[in-house]
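Quantities reported herein were computed from a predicted structural model and do not represent experimental measurements.
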Amino acid sequence: MMPTVSDPHELGFDGERLARIDELLATKYIGGGRIPHAALLIGRGDEVAHLSVMGDARAGEALQADAIFRIASMTKPITSIAFMQLVERGKVALSDPVAKFLPEFADIGVFVSGGGNTPFKTRPPASPMRMIDLLRHTSGLTYSFQERSNIDAAYRKAGFERFDGGTLDEMVAALGQLPIEFDPGSAWNYSVATDVLGAVVQRVSGQSLDAYFAEHILGPLAMVDTGFQVPADKLARVPDCYVWDPVTRMKLYDPGEGTAWGKAPKLLSGGGGLTSTIGDYHRFARMLLNGGELDGARIVAPHTLKLMTANHLPGGRDLTQMSKSLFSEAENAGAGFGLGFATVIDPAATMLPGNAGEFYWGGMFSTGFFVDPVDDVIMVFMTQLMPSNAYPVRRELKTMLYSALIG
């Protein structure tokens, strides 16, 4: 379902300044061979002020507005909303120990020493891992691609981020046998925590994660092109996906024709498994901007969203002060983390225009979105280049968006 574009001036945007964004994407990024294609949506309220689609989806095939993108970690906010729906129903609480629903985690220990060919030595955690730790990434879990510790090396050996590996339950069982990196709540580390949260959703709801999403989020929001597997009749809409290469800039990673996302995954990854369109994700973002409701479908309550988009990092700190590795970079100053989203707590420290209370996230294929409840603005950006920090395109887009917002 693709949105209709309104007159940008009536929505408070300068059309000529919006055009600068397309020029940047077309010349610096696509023409410069940095990214293969781009789809950008800028909305205000429920309306769309700007929609641009450019570049080739596949060799010689222009990208279309209904392209289905691998959204990776933009799956995380959807999984977090699913969990908070269960909180609203009184089935689970943020303060519950994770082991209450995942007994595989009952004896998990904090890393002391070991790894490789040496057995791990651990100690009991100072406090139990709680549900809130999964949502805000303070669990002590990690990601294998961080490549900074003996624990993420063990993750790589186990193949946790390969969706063609074991099931979600098998992943949870294996994680329960490995140490965590720190006492839960004492630091921030980007991790498989949202995949574990998806396992909690399955256990608490009694449904598989894909079935739960379909019934309680994707179906009610009419996100008809979002899912863990692209159906056969929609595969032609999947663009090629690339990985950054130091010589060629872009190297084919997953072709649109024959994409791995055309097969049913063994592991339903609540941390990174979904595909979606710019129109579908705009509907999800509109629901967030509208306080949890869209077109008569109430997904969560306004107070639930207020809780989710507040900064939950201990002591009111930001990512640069709490992160163990990724997202500790200077440009993440002024950004806290809530329950499934990063949230702006000090706009000046971010070195970007915007407002306190904005919330956002992105995916490893350079996709991204943000919602600004103060100025009533939404941005959704889609492309397919890994890793997401290869270029500062999302920061440039945000800067130029606010330079065009004049009314």
Side-chain angles (χ1 to χ4, degrees), residues 72-77 79-80 83-84 94-98 105 108-111 125-155 160-161 175 178-198 200 270-272 307-347 349-352 356-364 368 370 387-389 394-395:
S73 287
M74 280 169 64
T75 304
K76 287 179 170 71
T79 304
S80 301
F83 176 84
M84 294 305 293
L94 288 168
S95 57
D96 281 339
V98 173
F105 277 37
I108 206 161
V110 179
F111 174 82
S127 57
M129 186 193 301
R130 298 178 296 160
M131 297 299 175
I132 191 171
D133 293 312
L134 297 179
L135 286 136
R136 67 184 181 182
H137 291 288
T138 56
S139 64
L141 297 166
T142 190
Y143 262 132
S144 67
F145 55 74
Q146 302 227 42
E147 300 196 21
R148 55 169 291 275
S149 73
N150 291 355
I151 301 170
D152 58 46
Y155 280 34
F160 286 151
E161 282 104 62
L175 283 170
L178 293 175
I180 51 177
E181 297 212 334
F182 49 81
D183 289 311
S186 66
W188 191 94
N189 193 49
Y190 202 41
S191 73
V192 297
T194 317
D195 290 299
V196 176
L197 191 72
V200 174
L307 181 65
M308 294 183 74
T309 57
N311 182 25
H312 286 265
L313 297 185
R317 286 173 284 182
D318 69 13
L319 288 173
T320 65
Q321 297 164 321
M322 287 286 291
S323 176
K324 301 292 285 184
S325 53
L326 285 177
F327 302 99
S328 62
E329 302 89 351
E331 59 264 30
N332 291 293
F337 208 87
L339 307 179
F341 314 92
T343 184
V344 174
I345 55 177
D346 183 353
T350 69
M351 298 178 285
L352 294 173
E358 292 172 19
F359 52 97
Y360 64 93
W361 205 237
M364 70 174 176
F370 77 81
S388 62
N389 60 357
R394 294 177 295 193
R395 289 177 65 86

The reported gap from CZ in Phe182 to OG1 in Thr142 (rounded to nearest 0.5 angstrom) is 8.0 Å
Taken in chain and number order and not counting sequence neighbours, the residues that satisfy ring pair (Phe, Tyr, Trp, His ring centres under 6.0 Å) with Phe83 are none
Checklist entry - Heavy-atom distance under 4.5 Å between the side chains of Pro314 and Met322, does that happen here? => result yes
In terms of heavy-atom contacts, Pro77 and Gly340 come closest through CG-O, 3.7 Å
CG of Leu94 to CE of Met308, rounded to nearest 0.5 Å, is 9.0 Å
Kindly determine whether Ile345 and Leu313 satisfy side-chain contact (heavy atoms from CB on, under 4.5 Å), including the steps that lead there. CA-CA 11 Å; Ile345 55 177; Leu313 297 185; over 6 Å; no
In short, Gly109 meets Pro125 closest at the heavy-atom pair CA-CD, 4.4 Å
Backbone of Thr320 reached by a side-chain donor or acceptor of Asn332 within 3.5 Å: no
Residues at least two apart in sequence or cross-chain that pass side chain to side chain donor-acceptor pair (under 3.5 Å) with Asp183, listed by chain then number, are Arg123
Is any side-chain heavy atom of Asp133 closer than 4.5 Å to a side-chain heavy atom of Val98? no
Show your working on side-chain contact (heavy atoms from CB on, under 4.5 Å) between Phe359 and Val344 and close with a plain yes or no. CA-CA 6 Å; Phe359 52 97; Val344 174; over 6 Å; no
Taken to the nearest 0.5 Å, the spacing of Asp195 CG from Leu134 CG works out to 10.5 Å
Smallest heavy-atom separation, Thr79 atom then Gly270 atom, equals OG1-O, 2.7 Å
For Arg148, the side chain to side chain donor-acceptor pair (under 3.5 Å) test, sequence neighbours excluded, returns Glu181
In short, Tyr143 meets Lys76 closest at the heavy-atom pair OH-NZ, 2.8 Å
| request: Check for a donor-acceptor pair, side chain of Ser149 on one end and backbone N or O of Asp152 on the other, with a separation under 3.5 Å. | output: yes
**Asked** Under 3.5 Å, side chain of Thr343 to main-chain N/O of Thr309, donor-acceptor pair present?
**Response** yes
In terms of heavy-atom contacts, Ser80 and Leu339 come closest through CB-O, 3.6 Å
All heavy atoms of Ala356 vs all of Pro347, minimum pair found to be N-CG, 3.3 Å
Salt bridge (Lys or Arg N to Asp or Glu O under 4.0 Å) pairs touching residues 309-318, sequence neighbours excluded, are none
With sequence neighbours left out, the residues meeting side-chain contact (heavy atoms from CB on, under 4.5 Å) with Ser191 are His137, Ser139, Leu141, Ala193
Taken to the nearest 0.5 Å, the spacing of Phe370 CZ from Phe341 CZ works out to 14.5 Å
Sorted by chain and residue number, the side-chain contact (heavy atoms from CB on, under 4.5 Å) partners of Ala335 (sequence neighbours excluded) come out as Leu319, Tyr360
Has Ser144 got a side-chain atom pairing as donor or acceptor with Ala153's backbone, closer than 3.5 angstrom? no
Rounded to the nearest 0.5 angstrom, the OG1-CD1 distance for Thr138 and Ile132 is 7.0 Å
- Message: For a side-chain contact (heavy atoms from CB on, under 4.5 Å) check, start with the C-alpha distance between Tyr155 and Leu175, then their side-chain angles and the critical distance, and finish with the verdict.
- Response: CA-CA 8 Å; Tyr155 280 34; Leu175 283 170; 3.4 Å; yes
Rounding to 0.5 Å, atoms CE (Met131) and CE (Met84) come to a distance of 12.0 Å
